[in-house]
Number of protein chains: 2
Amino acid sequence: MVKRSPDGLYLDAVFGALAHPTRRALVEQLAVEPTSVGDLADPHDMSLAAVSKHLRVLEDAGLIEVEKDGRVRRCHLNAGPLSEAFGWLTRYRVFWEDRFDALEDHLEADQ
Amino acid sequence: MVKRSPDGLYLDAVFGALAHPTRRALVEQLAVEPTSVGDLADPHDMSLAAVSKHLRVLEDAGLIEVEKDGRVRRCHLNAGPLSEAFGWLTRYRVFWEDRFDALEDHLEADQ
DNA sequence: AGTCTATTCAACCAAAGAGTTAAATGAGAA
DNA sequence: TTCTCATTTAACTCTTTGGTTGAATAGACT
């Protein structure tokens, strides 16, 4: 069996959460400021319940925290788990930068 | 409606592909060297057909290219699309680094 | 107490995902 | 051409996902 990193579970959840455009949009909205569920849902062309479910997915991935403020639920971005995904991608960064460097070299040689 | 980046489709596919541990493992294997489907499948505790399907998902996300070499199909990592995901995450890097900086400050203040 | 308002829960549905086994393809070797 | 090996396709099952609507909860305002 191939080795699996101990934090694989987080990666599943985080990458999975980011795989849906609505959820990425929600993260983008929350990067601006903490926002209530209703306000988060407004711009999206789907029911409030559907957005609520997407928020649950983000919460399960640890990407948001929900604070009760009276009768509204205010969601905050918690970007910590994103660094996990970032870290994973970083390990492969050289593979696309190599190609970029090769292209640069090629262009320079052309001049 | 909330704005959606023009390359959202790629992000769906790339993040979706990375959301499964088997597929991340396949990427890790391919980062070592180009590998045939059979050799890729060996370490995994599932049928060859299942691995073949995972490879298709990676291919659809543009993350691998398959070269026919006689009767074996040799898969190469194509990390380009990873930079797409990396770029998206980078936009939110400040959100977890802020927290990290705050922690650093806190620790320094403690000393 | 009664009524808005915000949000979630429950039940449902269609489509996609992850796996299986068995048959089909395609190319090299005998 | 026949056999074998590498891989994909087909058909099927089971679970998860993404959405719906309608009822339930819970806090704030009269």
Side-chain angles (χ1 to χ4, degrees), chain A residues 1-2 4 8-27 29-30 33-77, chain B residues 1-2 4 8-27 29-30 33-77:
Chain A
M1 284 297 289
V2 116
R4 167 135 10 127
L9 296 171
Y10 284 94
L11 288 177
D12 285 6
V14 171
F15 280 130
L18 298 181
H20 196 287
T22 299
R23 288 191 295 259
R24 286 197 305 278
L26 289 169
V27 167
Q29 290 174 259
L30 288 170
E33 60 187 348
T35 311
S36 72
V37 175
D39 287 354
L40 281 170
D42 266 346
H44 298 279
D45 193 15
M46 65 181 67
S47 71
L48 185 54
V51 171
S52 180
K53 285 212 233 171
H54 282 301
L55 289 171
R56 167 65 64 96
V57 173
L58 290 170
E59 198 178 0
D60 288 347
L63 288 169
I64 68 178
E65 277 157 16
V66 183
E67 162 213 16
K68 278 198 234 182
D69 177 19
R71 62 181 154 177
V72 323
R73 251 39 78 98
R74 183 153 280 103
C75 306
H76 304 249
L77 181 60
Chain B
M1 286 298 286
V2 115
R4 170 134 11 123
L9 296 172
Y10 285 95
L11 288 176
D12 285 7
V14 171
F15 281 131
L18 298 181
H20 197 288
T22 299
R23 288 191 295 260
R24 286 198 305 278
L26 290 169
V27 168
Q29 290 174 258
L30 288 171
E33 59 188 349
T35 312
S36 73
V37 175
D39 287 353
L40 281 170
D42 267 344
H44 297 279
D45 192 17
M46 66 182 66
S47 72
L48 185 55
V51 171
S52 180
K53 286 211 235 170
H54 282 301
L55 289 170
R56 166 64 65 92
V57 172
L58 290 169
E59 198 179 2
D60 288 347
L63 289 169
I64 68 179
E65 277 157 17
V66 184
E67 161 214 17
K68 277 198 237 183
D69 177 17
R71 62 179 155 180
V72 324
R73 251 40 78 94
R74 182 153 281 102
C75 306
H76 305 250
L77 182 59

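Atom set for the values below is all heavy atoms of this structure, side chains included, hydrogens, waters and symmetry mates excluded.
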Practice prompt. May I ask you to test the T35(A)-L30(A) pair for a side-chain heavy-atom distance under 4.5 Å?
Written response: yes
Worksheet item: Under 3.5 Å, is there a donor-acceptor pair between the side chain of H44(A) and the main chain of M46(A)?
Response: no
Worksheet, complete the sentence: The contact string for nucleotides 13-30 of chain D, one letter per nucleotide 5' to 3', using protein heavy atoms under 4.0 Å with B, S and - for base, sugar-phosphate only and none, comes out as -----BBBB-----BS--
Side chains of residues 51-58 of chain A: which donor-acceptor partners sit under 3.5 Å, not counting sequence neighbours?
{"residue": "H54(A)", "atom": "ND1", "partner": "R23(A)", "partner atom": "NH1", "Å": "3.2"}

Discussion item. If I take atom CD1 in residue I64(B) and atom C1' in nucleotide dT8(D), what distance separates them, rounded to the nearest angstrom?
Written reply: 14 Å
Discussion item. What's the separation between atom SG in C75(A) and atom CG in L63(A), rounded to the nearest 0.5 Å?
Written reply: 12.0 Å
Worksheet item: Do the non-hydrogen side-chain atoms of L77(A) and V27(A) ever get within less than 4.5 Å of each other?
Response: yes
Practice prompt. For R73(A), check side chain to side chain donor-acceptor pair (under 3.5 Å) against everything at least two apart and list the hits.
Written response: none
Worksheet item: Expressed in angstrom and rounded to an integer, what is the separation of L55(B) atom CG from dA6(D) atom P?
Response: 16 Å
Worksheet item: Between S52(B) and dT8(D), does any side-chain N or O lie under 4.0 Å from OP1 or OP2?
Response: yes
Fill in: Any residue meeting side chain to side chain donor-acceptor pair (under 3.5 Å) with E67(B), in chain and number order, not counting sequence neighbours
H76(B)
Item to complete: Walk along DNA chain C from 5' to 3' and tell me the first and last nucleotide with an atom closer than 4.0 Å to a non-hydrogen atom of chain B.
Response: dA18(C) to dG28(C)
Fill in: With A49(A) via side-chain contact (heavy atoms from CB on, under 4.5 Å) - residues at least two apart
S47(A)
